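Only a predicted model underlies this, so the values are computations on that prediction, with no experimental measurement involved. Side chains are part of it too, since the values below use all heavy atoms of this structure and drop only hydrogens, waters and symmetry mates. Residue numbers begin at 1 in each chain, while the letters A, B, ... track the order of the sequences.
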There are 2 protein chains.
Amino acid sequence: MHATVDDVAALAGVSTATVSRCLNDPDRVLPATRKKVMEAIRTLNYSPNFGARALASRRTGIIGAVVPTLENAVFAHGIDAFEHALPEGKFALLVASYGYDPQREREQIEALVARGADGLLLVGFDRDPAIYEWLAIRKVPYVLAWACGDAHPYAGFDNVAGIVAMVRLVLDLGHRNISMLSGLTAGNDRARNRLEGARALLAEKGLSFRGVAEVPYGLENGAKAFAELMADRAVTAVVCGNDVLAAGALRAAHRMGLRVPEDVTITGFDDIDIASITFPELTTVRVPHKRMGQEAAALLQQLIDGKSGQSILLPTKIVARGTHAPPPSCRNA
Amino acid sequence: MHATVDDVAALAGVSTATVSRCLNDPDRVLPATRKKVMEAIRTLNYSPNFGARALASRRTGIIGAVVPTLENAVFAHGIDAFEHALPEGKFALLVASYGYDPQREREQIEALVARGADGLLLVGFDRDPAIYEWLAIRKVPYVLAWACGDAHPYAGFDNVAGIVAMVRLVLDLGHRNISMLSGLTAGNDRARNRLEGARALLAEKGLSFRGVAEVPYGLENGAKAFAELMADRAVTAVVCGNDVLAAGALRAAHRMGLRVPEDVTITGFDDIDIASITFPELTTVRVPHKRMGQEAAALLQQLIDGKSGQSILLPTKIVARGTHAPPPSCRNA
DNA sequence: CAATCGCATGAAAGCGCTTACATCACGGAA
DNA sequence: TTCCGTGATGTAAGCGCTTTCATGCGATTG
């Protein structure tokens, strides 16, 4: 049916070994020979069989990425950057998502490894130790992103540091009655670190949250939870675990007739596109998603090549836009 | 190193053929035998070698999706839905993006096929006929999405009908001095159909656009182009080719001190999340991204199984929110 | 000038799985 | 009792490539 190495070898008048070398390590072949082979390849319209190649060489050139969801721009952008940073033609990206369900994440990881993934990109550190063991046994290299830690190779950032900087800003404005609108923290170390990081800083100052809501990712969920949080009239600031929740909160505020930031301060986390589209534009924590994707790709390649790569911690940064202000009481003073 | 079928067969006291049957077609094996085999598999921690399997069975269970970019929520959501609709465990999704560069798209398609993709999901119809021929020769089934047409199997919608409905709405409001803010149309039939569809409707009414801007996808690009379009003071409505451009336009309008929709009407296309976050919320054309992803997955599987699937045309719908109103002159009247 | 080395190439052995075909045991029909 | 059909299982032949090792040649060295 399709041309094989044998056909090419026959037409070019060389052995299959030489054909293979032309494709995988051209320098090990005399230019003249190479030319003949390449010509044969072209006239036969030959392209190597993937399965055979994978079987014989024990690598597929496929890298797997397992993310909670692509619906969150945070991951979509990160994956996009990651894919662009993969050396053209050498690797392809297998993507799977698990909708924040740990069981499904495990299945997806196993599925990608079963599909021959040479390496994996995973999100965060939180997962059953058995998974890490399994990966170790199978000798599948991996890089974790969107978080940081000592236990595993990562290219990420410090969620605690990010939220702490933001809460500090809110405190410095004079807010004392603060609530937090967090993503679901179960099995999600990013969300958990943001919530706990904020909580710890408050505790340090002898304060605590007026209220805390934990809701699934989503605009509408953010809006609803915000309304509930604001039932407590004392609250003057709502710190959100991510931009989508914050955008939802902002929309709810509009609908409730609350002025932002005059009546209430709302902050986000991630700095995705929507953060600069809301009105007013969202004060948030910028995360270098693009850079992170690139660094993760570089690190993973190191590991795949058997080198011992260095984890990378990227800085986050407060982006002060229009949704923060001193609490109403302070303005009265 | 790792357990192979032979190891499993030996431990279970059966032949490799039986092991293979247990994995691929369990019903053809006596329950008692199957149990023994499964046990052996578990104790050996066996998992089949992907390359060998692909080589012997001539299919990989990998499906490729080639999209312009994952940064556009439109594609991220579609891909997400597509992936979820793939039968769990049977298929995995290889994703590649090409940044709207036709040459790169071709490379990505070839790369995915070289990686053994059993089928492809592509965006739109516009591409070098040679690519379609190549795909036909290689017998790789594919489904096109985000558009419709007779030439190829698709699961998509009618971009012309969508924009026509929107322009009709704008015309009905009384606008006559309309400009269009379009995405780049080169090699992009979705953008082109939207622009040309709108143009054709205007022509039908004896009108034409006051101005047309074609810019690359992006918030900032939309904002800048909007400002230029509005240099023409007669313009009372700007129809945008997608929501991101519209959101950019809206932001520019705010900054220019224009009231929306009192001073100017702005419309979008796609109805992604940001459309309901802007202030005011964006009037746009809803596209059933999720449903489209699902239908595309179903259709592609039919084709992979050798059946002749039926293309699917999904409806679009105007979502009338807050960025449209009669032109100022009409209100004066 | 002989011994040695380096390099391009060829021969052939797998890589681990699927599957066509052969085999075997069993039960019912003749 | 004999024969044949049926279904479960075994045998073994590849699938198309990579890679190790062997080969042979010309060049380098003492």
Side-chain angles (χ1 to χ4, degrees), chain A residues 1-41 44-62 90 113-118 138-140 306, chain B residues 1-41 44-62 90 113-118 138-139:
Chain A
M1 169 167 159
H2 274 154
T4 71
V5 257
D6 295 277
D7 301 326
V8 174
L11 181 59
V14 300
S15 73
T16 63
T18 300
V19 175
S20 175
R21 280 192 280 261
C22 276
L23 258 25
N24 301 310
D25 198 0
D27 293 335
R28 287 169 43 81
V29 150
L30 243 38
T33 323
R34 200 189 314 153
K35 185 155 163 277
K36 277 191 306 183
V37 172
M38 288 313 188
E39 231 156 64
I41 287 179
L44 290 176
N45 204 353
Y46 165 81
S47 80
N49 175 293
F50 172 70
R53 186 174 235 182
L55 177 56
S57 66
R58 320 155 162 280
R59 39 158 61 226
T60 55
I62 287 179
K90 208 174 146 200
V113 172
R115 288 258 166 357
D118 288 339
R138 289 260 180 316
K139 294 202 183 33
V140 181
Chain B
M1 169 169 160
H2 273 155
T4 71
V5 258
D6 295 278
D7 302 324
V8 175
L11 180 58
V14 299
S15 72
T16 63
T18 301
V19 175
S20 176
R21 283 186 203 108
C22 276
L23 259 24
N24 301 311
D25 198 359
D27 293 336
R28 288 169 42 82
V29 151
L30 243 37
T33 322
R34 198 189 316 153
K35 186 156 163 277
K36 277 191 306 184
V37 172
M38 288 313 188
E39 230 155 64
I41 287 179
L44 290 176
N45 206 350
Y46 165 80
S47 79
N49 175 293
F50 173 69
R53 188 173 236 183
L55 176 56
S57 67
R58 309 142 180 289
R59 39 157 64 224
T60 56
I62 288 179
K90 208 174 147 201
V113 172
R115 288 257 165 358
D118 288 339
R138 290 257 181 315
K139 293 201 185 32

Contact under 4.0 Å: Arg58(B) side-chain N or O vs dC17(C) OP1/OP2: no

Sequence neighbours excluded and cut-off under 3.5 Å, please list the side-chain donor-acceptor pairs for residues 47-54 of chain A, or say none.
{"from": "Asn49(A)", "atom 1": "OD1", "to": "Gly51(A)", "atom 2": "N", "distance (Å)": "2.8"}
{"from": "Asn49(A)", "atom 1": "OD1", "to": "Ala52(A)", "atom 2": "N", "distance (Å)": "2.8"}
{"from": "Arg53(A)", "atom 1": "NH2", "to": "Asn24(A)", "atom 2": "OD1", "distance (Å)": "3.1"}

Taking all non-hydrogen atoms of both residues into account, name the closest pair between Val14(B) and Val37(B) and its distance. CG2-CG2, 3.9 Å

Give one of base, sugar-phosphate or nothing for Leu55(A), where a contact means two heavy atoms less than 4.0 Å apart. base

Do Leu23(A) and Ile41(A) make a side-chain contact, defined as non-hydrogen atoms from C-beta onward lying under 4.5 Å apart? yes

Under 3.5 Å donor-acceptor, Arg115(B) side chain and Ile62(A) backbone: no

From CG of Asp27(A) across to P of dG6(C) the rounded distance in Å is 19 Å

Between atom CZ in Phe50(B) and atom P in dC15(D), what is the gap in whole Å? 19 Å

Taking Arg21(A) for the side chain and Val29(A) for the main chain, is one N or O donor matched with an acceptor at less than 3.5 Å? no

Does Arg59(B) reach the main-chain N or O of Asp118(B) with its side chain, forming a donor-acceptor pair under 3.5 Å? no

Tell me which nucleotide among dC17(C), dT11(D), dT9(C) gets nearest to the side chain of Thr4(B). dC17(C)

Val113(B) side chain near Arg138(B) side chain, heavy-atom distance below 4.5 Å: yes

Enumerate all atom pairs, one protein N or O and one N or O from nucleotides 18-24 of chain C, separated by less than 3.5 Å.
{"from": "dT18(C)", "atom 1": "OP1", "to": "Asn24(B)", "atom 2": "ND2", "distance (Å)": "2.8"}
{"from": "dT18(C)", "atom 1": "OP1", "to": "Arg53(B)", "atom 2": "NE", "distance (Å)": "3.1"}
{"from": "dT18(C)", "atom 1": "OP2", "to": "Ser20(B)", "atom 2": "OG", "distance (Å)": "2.7"}
{"from": "dT18(C)", "atom 1": "O5'", "to": "Ser20(B)", "atom 2": "OG", "distance (Å)": "3.4"}

Value in whole Å for how far the P atom of dC17(D) lies from CG of Asn49(A): 6 Å

Which ones in residues 34-41 of chain B lie close to DNA chain C, meaning a heavy atom under 4.0 Å from one of its atoms? none

Could you give the CG-to-P distance, from Asp6(A) to dT18(D), as a whole number of Å? 12 Å

Length of the CZ-P vector between Arg59(A) and dC15(C), whole Å: 19 Å

Rounded to the nearest 0.5 Å, how far apart are CG of Leu11(A) and NZ of Lys36(A)? 10.5 Å

Which distance, rounded to the nearest 0.5 Å, do you find between the OG of Ser20(B) and the CZ of Arg28(B)? 10.0 Å

